[in-house]
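Please read all numbers here as calculations on a predicted model, not as lab measurements.
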Amino acid sequence: MPELPEVQTTVSFLNKKLKNKKIEKVVVLSAKQFLGNPQKLVGKTIRRVERRGKLIVFVLEKKLFLLIHLKLTGQLVFAASLRDKKATFPEPLPFAGGKVLPGKSTRIILYLFPQGAVFFNDLRKFGWMKVGGESLLKKETAALGVEPLSAEFNPQYLEKIFAKTKRAVKIVLMDQHLIAGVGNIYANEALCRAGISPQRPANKLTAEEIRKLCRAIKEVLKEGIKFRGTSAADDAYVQPNGRQGRFQKYLQVYQREGEKCFRCGGKIKRINLGGRGTFFCPRCQR
DNA sequence: AAGATTGTTGCTTA
DNA sequence: TTAAGCAACAATCT
């Protein structure tokens, strides 16, 4: 599932490829997933592509914004050469791994000028796109918490938010109103690296544990970005070039139920926290 | 074949 | 008033 590292990988790629290109045509195949009027996008130049938490922000000319949330299974795939093929729209395009775009789970297509296209694929249809002005951008980002890779995210900040709640620490890490961008994969991995049980009440962590956890979160997110995100076995995430990320090779607990802990050899356990699959080593994480 | 899964919102309950 | 828990959303897998 796309979390901060996957979204950042997507945004970095698209920012390079889409800058100063114009949106020439929008095809909405799944109406419920496009909020607002798609025609507003037509003819607009893309100034840059940014990220806020897990939200993707296309900054367009004339103070217009295209906001995209990938939710569980969304992906943005870029096809650079579409125009070279003199395609009539829409037309299947041979793609990396022998796949064809648009595919079965393609929900929205942005055709670009002078060439190229962005395919919004989303198997489970939870993701969305919204067009609007600064008021929309403000509305959608207002409730988001601190960026975990910013200086503002430090042990003092964690201490402050942890003190206010006895919820399980993992649930707090995944609360987008408090920390923007950490999801299930990276919350599990950060807690493992910090040696802290995901079930611990947040307000019971020691100052030392909070320092360790803060560092672990930053570390694991940076590594996730370095390896271009996590494409787990049943994970729909791919980079915009259609290739998988590589961070799944370095996961220590996520989706490793019953397997051996790399540190102590104990069995990785799976429990349910806040309705989410939670993985940890009961021996290493206390 | 019902239940689990999964991020986020919004409702209900405490 | 606020925090915590949970259904709902869509589709797939078990």
Side-chain angles (χ1 to χ4, degrees), chain A residues 1-11 28-35 51-57 67-76 102-108 120-130 136-148 160-190 198-204 217 221 224 229-238 245 248 251 253-258 268-280:
Chain A
M1 75 212 72
E3 303 178 26
L4 190 151
E6 291 74 31
V7 175
Q8 184 61 54
T9 301
T10 299
V11 161
V28 178
L29 301 166
S30 173
K32 284 178 76 174
Q33 295 184 260
F34 197 105
L35 292 292
R51 178 190 63 75
R52 182 71 177 86
K54 301 178 192 174
L55 191 68
I56 297 168
V57 181
L67 308 183
I68 305 167
H69 202 302
L70 302 174
K71 290 288 182 89
L72 305 181
T73 57
Q75 26 174 260
L76 290 177
K104 202 179 167 189
S105 65
T106 299
R107 311 300 179 195
I108 298 164
F120 176 52
N121 301 331
D122 185 14
L123 189 65
R124 294 191 191 169
K125 295 186 167 185
F126 278 12
W128 47 254
M129 286 192 185
K130 301 185 187 184
L136 175 75
L137 179 67
K138 220 171 203 176
K139 195 183 91 187
E140 294 293 335
T141 55
L144 289 176
V146 158
E147 283 291 332
K160 193 181 84 186
I161 63 172
F162 283 178
K164 289 179 189 165
T165 181
K166 54 183 183 164
R167 295 157 90 199
V169 60
K170 176 177 174 252
I171 293 176
V172 179
L173 294 185
M174 292 174 62
D175 187 335
Q176 301 301 301
H177 305 289
L178 301 173
I179 305 169
V182 176
N184 204 19
I185 299 172
Y186 296 92
N188 277 303
E189 293 300 312
Q199 308 179 84
R200 286 274 296 285
N203 59 2
K204 294 282 173 58
I217 291 166
L221 291 174
T230 303
S231 300
D234 60 344
D235 194 319
Y237 168 74
V238 290
Q248 62 276 12
L251 296 175
V253 286
Y254 182 71
Q255 289 190 339
R256 294 195 62 243
E257 182 187 13
I268 305 297
K269 206 175 158 193
R270 180 194 175 123
I271 59 167
N272 189 303
L273 262 188
R276 297 290 162 264
T278 299
F279 303 84
F280 69 110

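Considering only side-chain N and O atoms, A:R276 lies nowhere under 4.0 angstrom from the phosphate OP1 or OP2 of B:dT6. Between B:dT5 and A:N272, a contact under 4.0 Å exists linking OP1 or OP2 to a side-chain N or O. The side chain of A:K32 contributes an N or O atom lying less than 4.0 Å from OP1 or OP2 of C:dA10. In terms of phosphate contacts, A:K54 brings a side-chain nitrogen or oxygen within less than 4.0 Å of OP1 or OP2 of B:dT8. Taking 4.0 angstrom as the limit, A:H69 places a side-chain polar atom (N or O) nearer than this to OP1 or OP2 of B:dT8. Using a 4.0 Å cut-off, some side-chain N or O of A:T165 falls inside it from OP1 or OP2 of C:dA4. The shortest distance between the side-chain N/O atoms of A:K71 and the OP1/OP2 oxygens of B:dT8 is not below 4.0 Å.
Ion pairing between A:E140 and A:R52 fails under the 4.0 Å rule for side-chain N and carboxylate O.
If you take CG of A:L273 and P of C:dG5, they are 10 Å apart, rounded to a whole angstrom. With rounding to whole Å, A:I171 atom CD1 is found 9 Å from C:dA4 atom P. As a whole-Å value, the separation of A:R52 CZ from B:dT8 C1' is 16 Å. A:N188 has its CG atom 13 Å from the C1' atom of B:dT6, to the nearest Å. For the pair A:L123 CG and C:dC9 P, the interatomic distance rounds to 18 Å; values are reported in whole Å. Rounding to whole angstrom units, NZ of residue A:K164 and C1' of C:dA3 are separated by 13 Å. If you take CZ of A:R270 and P of B:dT5, they are 5 Å apart, rounded to a whole angstrom. For the pair A:K125 NZ and B:dT6 C1', the computed distance is 17 Å after rounding to whole Å.
With DNA chain C read from its 5' end, the first of the two nearest nucleotides for A:K166 and A:R107 is the one closest to A:K166.
Side-chain atoms of A:Q75 and A:D122 include no donor-acceptor pair closer than 3.5 Å. Counted by atom type alone, A:Y186 and A:E6 present one or more donor-acceptor pairs between their side chains at under 3.5 Å. Under 3.5 Å, the side chains of A:T106 and A:N121 contain a donor-acceptor pair of N or O atoms.
Looking only at distances, a side-chain donor or acceptor of A:E189 sits under 3.5 Å from a matching main-chain atom of A:Y254.
Residue contacts shown for A:G277 are limited to sugar-phosphate atoms, with no base heavy atom under 4.0 Å away. Nucleic acid contact class of A:D122 (heavy atoms, under 4.0 Å, all strands): none.
For C:dT12, the base has no donor-acceptor partner in the side chain of A:R124 [N/O atoms by modelled type, under 3.5 angstrom].
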